[in-house]
Amino acid sequence: MGSSLFKFKPNKYALHRIVLVLLLSCTPDSTDLSSCHTSSNGLRSSSVPSDFPLRRLTLDGHFEFEDLSHAARDFGGRYHYLPSAILHPNSVADISATVKLVFELGPSSQLTVAARGHGHSLQGQAQAHKGLVICMESVRSQGMRVHAGKDPFVDTPGGELWINVLHETLKHGLAPRSWTDYLHLTVGGTLSNAGISGQAFLHGPQINNILELDVITGRGDILTCSDKQNSDLFYGVLGGLGQFGIITRARISLGPAAERVKHIPQKENFRRGLKRNIYMTCYTFQVMWIKMLYHEFSTFSRDQEHLMSSGETFDYMEGFVMINRTGLLDNWRSSFSPKDPVRADQFISDGKILYCLEVAKYFDRHEQDVAERGVERLLSELNYIPATLFLSEVSLVEFLDRVHISEMKLREKGLWEIPHPWLNILVPRRKIHGFAEQVFGQIVTDSNNGPILIYPVNQSRWNNETSLVTPDEDVFYIVAFLSSPIPSASTRDSVEHILARNQRIVNYCFRMITGCKQYLPHYSTQEEWRAHFGPKWEVMMRRKLLYDPLAILAPRQRIFQKRRPLRALNPKDKST
């Protein structure tokens with residue numbers, strides 16, 4: 001573990017633990033942890049008085065005190081907590097000054113602070129009931145700086161979107177190694193969790209590819225941290241659910257991109273009917289995007305693990321569970337071509353549980369023959385259903401931004417701004433077959449209201465010094481139930497039904513699978529949080545005490561509650 005800012009003397013360690021428990025381990029009040037999904041305020045305006053403390057600050061940016069309802073909404077669409085104000089900062093100094101004022105007001109003010117990126121939290125984690133929400137996208141104007149060379153990296157504001165990081169780094173022939181499936185998320189938002197996608201089996205999550213951070217602590221201090229400088233804060237913030245600081249800058253490691261960029265005039269419509277008025281990007285590097293199906297989970301998982309351990313493999317790998325899906329291959333044909341059209345026409349998927357392996361290989365268009373031979377060799381080592389091999393060739397940007405294309409289609413149909421009661425589970429490899437048999441065979445009866453992702457990652461590529469908790473096993477599986485209710489649908493497709501099904505999955509996991517963990521966790525009691533973090537719980541408490549002693553930050557994670565600190569907790573206080 002990285003070094004802390006100070007160390008207690010050995011003979012005071014027991015007292016230190018007792019004080020930590022008194023300060024941070026009390027179960028939050030039942031009102032705050034209730035299942036109520038709406039703010040008790042319920043107004044569009046916070047109606048704060050003229051002497052409200054935040055009004056005293058002179059900033060480059062500004063506060064918003066009226067029409068705050070947009071800060072009480074998120075992608076999850078289930079929790080709505082109205083803040084008292086929204087900060088639109090124009091600089092990092094604005095954020096620091098604001099947090100410092102909230103800290104100096106002390107616990108009597110009850111003000112808390114939530115950093116909000118692009119609003120894609122699932123359980124209201126970026127909200128602050130009667131507190132302050134900081135719009136992190138307001139400081140994107142500081143821009144990005146790409147540093148090429150032997151060990152390339154990009155410095156980017158924490159409120160920048162990953163899609164913009166991709167476009168900027170590609171101008172230099174570079175790109176981050178690890179992504180999320182959806183790129184219209186902020187850098188600080190994903191790094192506060194982990195940032196996982198189909199590249200994680202090769203490069204680990206996004207938090208494993210960070211070289212340096214600028215962080216504003218719960219005291220309002222601006223600290224630069226890395227694995228060599230303020231390392232305890234560095235590892236605490238990565239995957240720390242916003243508990244120890246607000247990420248205002250990230251230095252992201254880069255590698256050679258699979259695209260070279262050249263702008264040329266283009267008047268024709270872009271692929272899929274998306275228009276480019278003046279210019280389009282001409283790509284010399286492409287992506288072979290491949291899908292295939294399996295009847296048996298054992299064969300499917302064995303092939304996934306083979307690709308994960310292979311010396312030469314694909315650049316991306318994920319898997320999907322298809323339950324009771326009809327016309328599956330017909331749906332693929334709009335974007336993919338079957339390797340064997342005749343046999344594909346004869347394949348019937350109705351009523352079966354099928355497993356889809358999705359892989360991608362990046363290649364230089366000038367070396368396409370070599371790339372195709374490599375892909376053929378990799379495919380020859382797999383045991384998929386031959387009739388179900390489908391292929392497509394797209395640009396790297398189109399591949400990495402594939403979910404955004406689906407988003408635009410859903411927005412057109414009014415199906416994007418609906419609740420998203422998603423569930424993400426990390427399952428140890430030794431239990432994955434029993435999990436698949438029970439969950440996919442007994443609990444989940446279809447996959448028509450959203451994709452079910454499942455794919456393995458290797459623990460050796462994940463840094464266990466971060467705050468992220470994973471199963472204690474060399475290989476574990478990421479399983480994501482990305483369900484969405486269908487408006488005006490039957491009870492089976494309602495939010496309540498999906499939540500009840502999710503709870504059955506959680507109950508099974510924690511009753512039958514030792515070491516199972518939630519990703520993007522959400523708990524209602526501190527006992528559950530303690531169990532979630534396990535051996536890291538005391539580290540979490542110590543870091544909270546050091547960097548956010550009043551528990552100001554990220555209140556809707558509901559891990560710690562704002563309360564009065566004890567004077568004896570000051571390490572320089574000799575009275576203890």
Side-chain angles (χ1 to χ4, degrees), residues 16-41 46 53 71-72 74 79-85 98-116 121-134 192-193 216-220 236-237 240-246 467 469 518 520-534 536-570:
H16 171 50
R17 290 186 60 182
I18 293 172
V19 174
L20 281 174
V21 171
L22 290 174
L23 177 67
L24 299 174
S25 292
C26 298
T27 302
D29 63 270
S30 59
T31 301
D32 190 64
L33 291 180
S34 70
S35 59
C36 177
H37 298 168
T38 59
S39 168
S40 58
N41 192 326
S46 63
D74 59 20
Y79 293 81
H80 307 281
Y81 294 96
L82 196 70
S84 293
T98 301
V99 175
K100 185 168 295 185
L101 174 61
V102 174
F103 176 74
E104 291 172 349
L105 289 172
S108 60
S109 74
Q110 294 301 307
L111 272 178
T112 56
V113 177
R116 177 184 173 91
S121 298
L122 296 177
Q123 310 279 1
Q125 289 96 331
Q127 298 175 25
H129 179 48
K130 296 184 179 180
L132 170 68
V133 171
I134 301 177
S192 295
N193 291 282
I216 296 177
T217 71
R219 300 174 184 268
V237 168
L241 305 177
Q243 293 302 299
F244 313 118
I246 299 172
S467 292
V469 289
Q518 280 198 49
L520 306 177
H522 178 74
Y523 296 108
S524 58
T525 69
Q526 200 167 71
E527 287 74 19
E528 291 174 309
W529 280 113
R530 185 191 301 271
H532 171 77
F533 286 108
K536 290 188 176 183
W537 176 245
E538 288 195 8
V539 177
M540 292 288 293
M541 291 196 297
R542 175 181 61 77
R543 286 171 171 165
K544 190 68 172 177
L545 174 65
L546 286 174
Y547 308 117
D548 184 23
L550 292 186
I552 289 171
L553 302 176
R556 295 310 310 168
Q557 291 285 2
R558 307 190 301 183
I559 304 174
F560 304 108
Q561 294 300 298
K562 184 173 182 180
R563 53 175 51 83
R564 185 180 302 277
L566 302 180
R567 189 169 68 87
L569 290 174
N570 186 339

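Only a predicted model underlies this, so the values are computations on that prediction, with no experimental measurement involved.
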Check: Going by atom types only, do S109 and K562 share a side-chain donor-acceptor pair under 3.5 Å?
Finding: yes
Check: Which pair of heavy atoms, one from Q125 and one from S121, lies closest together, and at what distance?
Finding: OE1-CB, 3.5 Å
Notebook entry, point to check: Where is the tightest heavy-atom contact between V113 and P555, given as atom of each residue plus distance?
Noted result: O-CD, 3.4 Å
Notebook entry, point to check: Can you tell me how far CD of Q561 sits from CD of Q526, rounded to the nearest 0.5 angstrom?
Noted result: 8.0 Å
Notebook entry, point to check: Should the pair H532 and Y523 be assigned to parallel (<30°), tilted (30 to 60°) or perpendicular (>60°) ring geometry?
Noted result: tilted
Notebook entry, point to check: Which heavy atom in P53 sits nearest to a heavy atom in L105, and how many Å separate them?
Noted result: CB-CD1, 3.7 Å
Check: So, do Y81 and K130 sit near enough that their side-chain heavy atoms are less than 4.5 Å apart?
Finding: no
Next item on the list: Could you tell me which non-hydrogen atom of V133 sits nearest to which non-hydrogen atom of A126, and how far apart they are?
Entry: CG2-O, 4.1 Å
Item checked: Donor-acceptor pair, side chain of N193 and main chain of L520, under 3.5 angstrom -> no
Item checked: Side chain to side chain, L241 and S192, heavy atoms closer than 4.5 Å -> no
Next item on the list: Find the distance between CZ (R530) and OG1 (T525) and round it off to the nearest 0.5 Å.
Entry: 10.0 Å
Notebook entry, point to check: Taking atom types as modelled and ignoring hydrogens, do the side chains of R219 and Y547 form a donor-acceptor contact shorter than 3.5 angstrom?
Noted result: no
Check: Are the side chain of Q110 and the backbone of S108 linked by a donor-acceptor contact shorter than 3.5 Å?
Finding: no
Notebook entry, point to check: Atom CD1 in I559, atom NZ in K544: separation rounded to 0.5 Å?
Noted result: 7.5 Å
Notebook entry, point to check: How many angstroms lie between atom CD of Q243 and atom OG of S467, to the nearest 0.5 angstrom?
Noted result: 9.0 Å
Checklist line | Check: W537 and W529 side chains under 4.5 Å, non-hydrogen atoms | finding: yes
Notebook entry, point to check: L111 versus I552: any side-chain heavy-atom pair under 4.5 Å?
Noted result: no
Item checked: Heavy-atom check, side chain of D548 versus side chain of T217, under 4.5 Å -> no
Item checked: is_close_aromatic(Y79, H522), centroid dist under 6.0 Å -> yes
Notebook entry, point to check: When rounded to the nearest 0.5 angstrom, what distance separates CD1 in I134 from CD1 in I246?
Noted result: 4.0 Å
Notebook entry, point to check: Where do G242 and A554 come nearest, in terms of heavy atoms and distance?
Noted result: O-CB, 3.5 Å
Notebook entry, point to check: Which pair of heavy atoms, one from F103 and one from P549, lies closest together, and at what distance?
Noted result: CE1-CG, 3.8 Å
Note to self: Nearest 0.5 angstrom please: Q127 CD to R556 CZ, how far?
What the structure shows: 7.5 Å
